[in-house]
Amino acid sequence: MTKNLIDPQDLSVAEIDGILTLAQKIIDDPDKYSEVCKRKKLATLFFEPSTRTRLSFEAAMLELGGSILGFSSAASSSATKGESVGDTVKIVSCYADIIAMRHPKEGAPMLASMKSDVPIINAGDGGHSHPTQTLADLLTIKREKGRLDNLTIGLCGDLMFGRTVHSLIKAMSRYEGIKFILISPDELKIPDYIRTEVLDRNNIPYKEVYTMDEVMGELDVLYMTRVQKERFFNEADYIRLKDTYILDNSKLALARPAMSILHPLPRVNEIAVEVDDDPRACYFRQALNGKYVRMALIMTLLGLVPEEDR
Ligand code: CP
């Protein structure tokens with residue numbers, strides 16, 4: 001089993017399936033796991049804002065009977081004095097048994113993992129990767145659709161900077177019968193390395209389109225994303241592109257009755273609030289699933305999965 005989780009591909013399909021199965025067991029019987037991490041400490045080192053990821057990590061550790069420490073912005077850490085990421089994790093690994101780190105720079109959690117004496121979990125690095133969001137996405141798809149194979153998945157919005165999209169493509173490409181439909185303007189298409197090193201290399205079928213309407217009826221899953229304002233160099237470009245796609249009830253009328261709508265959140269305008277009442281809207285359940293997969297991941301990386309659950 002991997003010691004760190006930096007990229008979804010650090011986990012084998014069997015390891016991912018094991019984490020999802022354990023998450024479902026936690027959902028079914030949370031009391032059984034309420035003291036599994038007693039006397040263990042999770043540090044959350046968030047150099048970039050977060051609501052779901054940081055708080056769900058902290059809730060996960062607390063619900064496992066462990067404790068939490070950490071910081072929620074670079075401004076409240078000694079990074080402001082010039083301390084390096086490597087030195088920061090070297091110090092924090094003296095105080096904690098496992099570390100979840102979010103950083104605006106791609107590769108920072110990878111660097112941290114080389115310096116740390118305890119497991120490092122990438123909680124999002126720049127526009128690169130967000131593997132624990134992917135675990136939440138996979139658990140949601142599995143619970144909503146009953147399977148992770150033979151699905152047509154539409155990814156819509158900011159496919160360039162949306163790290164959750166990159167991680168989800170990497171993970172889902174390893175299941176049978178997956179087809180992607182990539183819905184974005186030219187400026188926000190998936191990065192070339194995802195196209196060549198993941199989709200083309202693994203002969204994954206995909207097509208790229210500009211509108212939701214032309215493909216809505218084909219989708220089993222629609223994964224909406226926010227245009228990532230914080231990654232743009234030019235505010236005028238962000239303003240021009242931010243409302244390219246808005247899912248509302250009129251667009252949803254074109255979708256299959258069983259299509260599942262996912263979104264890593266936070267949303268801005270890309271899903272109208274009226275959609276929240278549609279049974280196909282899974283994004284709030286997806287956020288809750290994020291806590292359960294993080295519980296399963298913490299237990300797994302700390303080697304604390306009970307014998308009968310291995
Ligand atoms: N989905 C997600 O990463 O949300 P936060 O930025 O609130 O953690």
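Every number for a ligand or one of its atoms is a count from 1 in the order of the listing.
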Side-chain donor-acceptor contacts of residues 109-116 below 3.5 Å, not counting sequence neighbours, with atom names and distances?
{"unit_1": "S113", "atom_1": "OG", "unit_2": "M110", "atom_2": "O", "d": "2.6"}
{"unit_1": "S116", "atom_1": "OG", "unit_2": "V118", "atom_2": "N", "d": "3.0"}
{"unit_1": "S116", "atom_1": "OG", "unit_2": "V118", "atom_2": "O", "d": "2.7"}

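A salt bridge links E187 and R240; the closest N-O separation between the charged side-chain nitrogens and carboxylate oxygens is under 4.0 Å. A salt bridge does not link E308 with K25: none of the charged nitrogens is closer than 4.0 Å to a carboxylate oxygen. Under a 4.0 Å N-O distance rule, the pair E35/K38 qualifies as a salt bridge. Under a 4.0 Å N-O distance rule, the pair D200/R195 does not qualify as a salt bridge.
Of all atoms in ligand 1, numbered sequentially from 1 with element shown, those under 4.0 Å from a heavy atom of T53 are 2 (C), 3 (O), 4 (O), 5 (P), 8 (O). Applying the 4.0 Å criterion to heavy atoms of L265 picks out, from ligand 1, the atoms 1 (N), 2 (C), 4 (O).
Ligand 1 has no atom lying under 4.0 Å from any heavy atom of E48.
Protein heavy atom at the shortest distance from atom 6 (O) of ligand 1 is R102 NH1, 2.9 Å.
With atom 7 (O) of ligand 1 as the reference point, the heavy atom nearest to it among T164, D137, T51 is part of T51. Which of Q133, H130, R52 comes nearest to atom 3 (O) of ligand 1 through a heavy atom is settled by distance: it is H130.
For a threshold of 3.5 Å applied to N or O pairs, the pair formed by S50 and ligand 1 contains at least one separation below that value. In terms of N/O distances under 3.5 Å, ligand 1 is not approached by P266.
Between D213 and L254 there is a side-chain heavy-atom pair separated by less than 4.5 Å.
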